[in-house]
Amino acid sequence: MFPTQFTSASFTWERKKLGDVANSYINGGTPDTQNKNYWIGDIPWIQSSDLKNDDIWNVNINKYITNKAVNDSAAKLIPANSIAIVTRVGVGKLAYMSQEYSTSQDFLSLVDIKEDLIFIMYMLYFKISKVSSSLQGTSIKGITKKELLNLSISIVNNTAEQNRIGQVFKILDNSINLHERKYEELTLIKKALLQKLFPKKDGFKPEVRYKNFNDAWEQRKLGEVIISEHKGKVKSIMKGGNTNYLETNYLNGGTAQKVDAIADVSKDDVLILWDGSKAGTIYHGFEGALGSTLKAYVPKYSGDFLYQILKKNQDKIYQSYRTPNIPHVIKNFTEKFNVSIPTIIEQQEIGDFFKQLDSLITLHRRKLEKLKQLKKFLLQNMFI
């Protein structure tokens with residue numbers, strides 16, 4: 001059985017050995033680490049920790065060696081446009097090298113590739129990932145050069161088709177990297193804003209103010225900024241209704257059950273996991289019937305604002321407001337926990353701002369997950 005055809009044209013796929021795709025295969029070595037003169041050159045020398053598991057195009061080069069270091073050790077000078085594969089510690093990683101380089105003994109480099117380079121990169125990424133998965137949980141620490149070069153691979157015998165396949169995966173990776181960077185940037189922006197806007201200690205003023213509000217923030221007990229609180233009910237209700245049943249499994253990404261029950265939680269309510277190993281975890285934006293391990297706080301004003309300030313203090317809740325031995329939030333939590341709040345208008349604007357920011361973060365996270373799933377699907381159906 002051969003891989004899925006990419007275009008409508010009929011091309012033949014052939015079985016080959018990995019040892020057939022390049023004209024040369026070069027091992028690496030490590031110059032004497034005690035000789036500092038070896039490590040002041042301009043030849044990139046890479047080790048397994050410089051590569052990432054799912055990034056085949058970027059290498060974080062940290063060390064450079066001299067020509068003398070190459071001549072005096074097992075290290076080799078490897079031509080540009082080669083593929084470096086980790087075969088020992090960190091097996092499963094590989095990377096394209098656009099410049100001359102050298103490697104540790106944990107690598108085998110494929111030099112002078114006979115096929116389309118980008119196509120071979122993704123084919124190898126798929127095959128080496130499978131090898132790495134098969135080695136997990138075993139006492140085997142790597143793969144030998146002989147075993148690697150004997151790997152059976154499938155290659156389409158048309159260079160133009162190889163190029164098209166490779167370019168699709170390259171474009172897909174670029175899109176994944178774009179959304180990953182955007183997701184990380186937005187997450188860091190949110191973290192920085194939370195640290196600046198919300199007091200680090202109860203009653204302290206924020207480091208910055210939102211827009212031009214100048215009114216002082218006031219310290220209140222949590223119980224003073226909510227209308228009411230109520231715990232969920234024991235799950236003894238009929239399935240198959242029209243109401244989402246909110247329980248820990250659903251809140252952690254599981255599938256919501258539909259039940260025949262009256263919804264007792266609105267999207268503006270702030271939820272806290274009251275019992276269980278993750279007691280103290282804060283949730284928001286859900287609507288439906290509440291599970292028995294959850295409690296809902298109905299905010300007087302902005303639920304989005306209240307959620308952000310409680311979520312920022314989640315570690316504090318874990319540390320100071322849970323019973324010592326049993327993972328359970330203390331009963332008088334709302335009477336003891338202090339929050340610092342601005343005016344109602346400022347609460348609403350801050351809450352709305354973070355709600356929009358959270359939506360944007362979620363959008364990029366979901367797009368990232370879908371793109372990764374698409375890449376995985378295409379790899380599994382393109383390369384066998």
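As the structure is a computational prediction, the values presented were derived from the model and not from experiment. Keep in mind that the numbers below use all heavy atoms, side chains included, and drop hydrogens, waters and symmetry copies.
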Does the separation of the ring centres of Phe119 and Phe383 fall below 6.0 angstrom? yes
Hydrophobic side-chain clustering at under 4.5 Å (ILVMFWY, transitive links): who's grouped with Trp45? Put none if nobody. Tyr38, Trp39, Ile43, Ile65, Val70, Leu77
Is the shortest side-chain heavy-atom distance between Leu310 and Ile272 below 4.5 Å? no
For residues Phe305 and Phe337: do they belong to one hydrophobic cluster (side chain heavy atoms under 4.5 Å, members Ile, Leu, Val, Met, Phe, Trp, Tyr)? yes
Same apolar cluster: Ile344 and Leu197, side chain cutoff 4.5 Å: no
In this structure, would Leu379 and Val156 fall into the same cluster of hydrophobic residues linked by side-chain contacts under 4.5 Å? yes
Going by heavy atoms in the side chains, are Lys127 and Val131 under 4.5 Å from each other? no
Which residues pass the salt bridge (charged side-chain N to carboxylate O under 4.0 Å, His left out) test with Glu229, not counting sequence neighbours? Lys295
Looking at residues at least two apart in the chain, or sitting in another chain, which of them share a salt bridge (charged side-chain N to carboxylate O under 4.0 Å, His left out) with Lys311? none
If you count the non-hydrogen atoms of other residues, nucleotides and ligands that lie under 6.0 Å from CG in Asp42, is the total more than 12? no
Would you say the side chain of Asp269 lies within less than 4.5 Å of the side chain of Pro299, judging by non-hydrogen atoms? yes
Side-chain donor-acceptor pair under 3.5 Å between Ser109 and Tyr101, yes or no? yes
Is there a path of hydrophobic side-chain contacts, each under 4.5 Å between heavy atoms of I/L/V/M/F/W/Y residues, joining Leu18 to Val86? no
Take atom NZ in Lys114; do more than 12 heavy atoms of anything else shown fall under 6.0 Å from it? yes
Among Asn157, Asn158, Ile153, which one satisfies side chain to side chain contact (heavy atoms under 4.5 Å, CB included) with Ile155? Ile153
Flag yes if Leu371 and Leu178 sit in one hydrophobic cluster, no otherwise; membership is Ile, Leu, Val, Met, Phe, Trp, Tyr, and two members link when side-chain heavy atoms are under 4.5 Å apart. no
Flag yes if more than 12 heavy atoms outside Lys370 fall under 6.0 Å of its NZ atom; otherwise flag no. no
With sequence neighbours left out, which residue pairs that include part of residues 357-367 fulfil the side-chain hydrogen bond (donor to acceptor under 3.5 Å, both in side chains) condition? His179-His364, Lys190-Asp358, Gln308-Asp358, Arg365-Glu369
I'd like to check Leu360 versus Leu363 (side-chain heavy atoms, cut-off strictly below 4.5 Å). Are they in contact? yes
With sequence neighbours excluded, give me every salt bridge (charged side-chain N to carboxylate O under 4.0 Å, His left out) pair touching residues 47-74. Lys68-Asp72
Determine whether more than 12 heavy atoms belonging to other residues, nucleotides or ligands lie under 6.0 Å from atom NZ of Lys76. yes
Quick one: side chains of residues 89-100, donor-acceptor pairs under 3.5 Å with protein atoms, not counting sequence neighbours, listed by atom name and distance.
from, atom 1, to, atom 2, distance (Å)
Lys93, NZ, Ser48, O, 3.1
Lys93, NZ, Leu51, O, 3.1
Tyr96, OH, Asn81, OD1, 2.3

Which word best sums up how the rings of Tyr122 and Tyr125 line up, parallel for under 30°, tilted for 30 to 60°, or perpendicular for over 60°? perpendicular
